[in-house]
There are 2 protein chains.
Amino acid sequence: MNPKSGGGAENHGAAGARPTGRRGGPTRRRGSELEDAILDAAWHVLVEHGYPGFTYEAVAARASTSRPVLYRRWPQRDDLLLATLTRFLEAQPIAIPDTGSLRADAVGFLRNANAGRAHMITLISVQLMDYFRDTGTSFSQLRDTLGAPNRPTPFETIVARAVERGELPDVPRSSRVVNLPFDLLRHDILMTMRALPEESITEIVDEVWLPLLGAPGGRPQPGSP
Amino acid sequence: MNPKSGGGAENHGAAGARPTGRRGGPTRRRGSELEDAILDAAWHVLVEHGYPGFTYEAVAARASTSRPVLYRRWPQRDDLLLATLTRFLEAQPIAIPDTGSLRADAVGFLRNANAGRAHMITLISVQLMDYFRDTGTSFSQLRDTLGAPNRPTPFETIVARAVERGELPDVPRSSRVVNLPFDLLRHDILMTMRALPEESITEIVDEVWLPLLGAPGGRPQPGSP
DNA sequence: CCCCTAAGATACGAGACTGTATCTAACGGC
DNA sequence: GCCGTTAGATACAGTCTCGTATCTTAGGGG
């Protein structure tokens with residue numbers, strides 16, 4: 001239906017056909033269906049173009065709708081951003097594998113985190129930097145605010161299981177050493193802005209973490225008596 | 001250079017008294033003096049408004065000059081950014097202490113880096129995330145661009161010296177392990193957005209790095225009191 | 001089947017920034 | 001002291017985005 005009826009119903013061509021899958025008739029989305037589509041588009045725009053490219057223009061185009069539709073729901077850009085973030089950040093906790101092997105648990109968890117969070121970490125850093133700059137806060141503060149402060153970290157869980165199995169001795173370990181793999185993963189992701197190669201994951205576990213824990217496979221360190 | 005020599009005397013505004021006349025006489029900067037002032041202004045703009053606010057417009061205004069002056073020197077925004085970063089990064093190399101002790105070298109270097117670079121690392125990551133996304137580059141690539149790519153890293157130097165002294169065995173070591181302290185320092189700075197406490201530095205060296213290297217003199221890990 | 005709500009298209013004025021062109025005037029070299 | 005270089009001011013066309021104001025029309029409710 002492209003007849004120019006009367007006034008300004010001209011087709012400017014730039015706005016392409018919406019991927020509704022229904023070529024036959026003009027399917028007009030409404031309510032939550034429309035909202036889902038918009039937030040989905042917003043998420044992709046954010047991932048691909050970052051916060052500076054996160055404009056009403058771009059989101060509307062990606063969602064195959066028009067800016068007024070967005071303004072009706074989210075009058076401020078922050079509203080749209082917040083809605084997008086809460087929608088996609090709530091889901092997807094990183095799974096902690098329980099394989100019965102310390103090494104397999106560690107590698108498996110890093111793999112999951114690498115796959116699931118790599119571009120989220122970059123995303124968050126890109127767009128929250130402005131927020132950090134303005135408020136003087138930081139990643140770790142945000143993480144403490146969002147997550148439960150007293151919940152054990154993934155690697156604390158992994159180590160605890162290994163101790164239960166008798167795979168590791170039941171000695172106190174510094175938080176620094178226990179959480180080292182996740183810190184290194186995060187560091188590498190931040191530095192390279194992309195997911196790590198598999199070799200880096202095994203390298204972190206086999207060359208750094210396991211030797212430090214004195215686990216089998218690594219070289220036990222006698223230290224100073 | 002001017003093809004139309006005869007006519008063309010268009011009226012482009014009459015009283016062209018430069019607004020910088022507030023500094024007294026009409027002092028017109030030239031050459032390196034001007035360039036220094038511009039890069040200085042660019043640095044401040046970057047610090048205060050981040051990469052999104054790092055525009056020719058803003059830098060020119062801050063330097064009390066005009067955009068054409070900037071375009072003559074740095075035709076691309078990247079050129080201006082790179083020049084600004086290079087200028088302020090290379091001004092302060094991090095000193096590598098040579099104390100004759102592996103541990104003291106490591107702790108000393110981390111201390112220097114912590115004091116001298118904490119602000120800079122934070123700043124760069126905070127303000128340049130957008131740049132990285134736009135250009136598809138990353139922090140590590142920028143580092144390679146600014147520094148000499150083949151120069152040994154500080155910790156490679158420190159380890160090499162320790163090997164020469166016979167303090168460490170001459171065995172191959174992975175880059176991951178050798179550079180671990182700097183990576184951890186950087187990670188912590190990024191996460192907390194401020195310089196590390198002294199305890200974190202000794203923790204990194206004593207609880208992580210020295211045990212991994214199998215060096216004597218590492219303090220016993222917690223658990224062997 | 002009609003009617004009202006809202007999706008979707010389009011327009012418009014404002015503002016910021018980009019590159020470039022052109023003019024002037026100051027500064028330094030000769 | 002002349003003269004070439006260039007800083008500095010200004011203009012301009014183009015692009016992008018914003019926020020809002022219409023207008024048409026699809027789709028659901030009554």
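The chains referred to below are lettered A, B, ... by the order of the sequence lines, with proteins before strands, and numbering in each begins at 1.
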Could you tell me the separation between the [atom1] atom of [X] and the [atom2] atom of [N], rounded to a whole number of Å?
X: B:Leu34; N: D:dT6; atom1: CG; atom2: P; answer: 12 Å
X: A:Leu70; N: C:dA6; atom1: CG; atom2: P; answer: 16 Å
X: A:Leu80; N: D:dC18; atom1: CG; atom2: P; answer: 10 Å
X: A:Glu33; N: C:dG8; atom1: CD; atom2: C1'; answer: 14 Å
X: A:Gln76; N: D:dT20; atom1: CD; atom2: C1'; answer: 14 Å
X: A:Glu35; N: C:dA6; atom1: CD; atom2: C1'; answer: 13 Å
X: A:Glu57; N: D:dT15; atom1: CD; atom2: P; answer: 14 Å

Under-4.0 Å salt bridge between [X] and [Y]:
X: B:Glu57; Y: B:Arg62; answer: no
X: A:Arg186; Y: B:Asp183; answer: no
X: A:Asp79; Y: A:Arg73; answer: no

Worksheet item: What about B:Arg72: does its side chain form a donor-acceptor pair under 3.5 Å with the base of D:dA7?
Response: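 In this structure, the two groups form a donor-acceptor pair.
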Fill in: Presence of donor-acceptor pair under 3.5 Å, side chain of A:Thr65 and base of C:dA7
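When only heavy-atom distances are counted, A:Thr65 does not reach the base of C:dA7 through any donor-acceptor pair under 3.5 Å.
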Could you check which of [options] has an atom nearest any side-chain atom of [X]?
X: B:Tyr71; options: D:dA7, C:dC17, C:dG19; answer: C:dG19
X: A:Thr55; options: D:dT17, C:dA11, C:dG19; answer: D:dT17
X: A:Ser66; options: C:dG8, D:dA7, D:dC18; answer: C:dG8
X: A:Arg67; options: C:dT20, D:dA7, D:dG19; answer: D:dG19

Would you say [X] places a side-chain N or O within less than 4.0 Å of OP1 or OP2 belonging to [N]?
X: B:Arg77; N: C:dG19; value: no
X: B:Arg29; N: D:dG8; value: yes
X: A:Tyr56; N: D:dC18; value: no
X: A:Arg73; N: C:dA7; value: yes

Fill in: Comparing A:Pro68 and A:Phe54 on DNA chain D - which has the more 5′ nearest nucleotide
A:Phe54
Practice prompt. State, with a plain yes or no, whether a side-chain heavy atom of A:Val177 is found less than 4.5 Å away from one of B:Glu203.
Written response: no
Worksheet item: Contact class for A:Pro75 (heavy atom, under 4.0 Å): base, sugar-phosphate, or nothing?
Response: nothing
Practice prompt. Kindly write out the residues that satisfy ring-ring contact (aromatic ring centres under 6.0 Å, His included) with B:Phe155, not counting sequence neighbours, or none if the list is empty.
Written response: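 Applying ring-ring contact (aromatic ring centres under 6.0 Å, His included) to B:Phe155 gives B:Phe109, B:Trp209.
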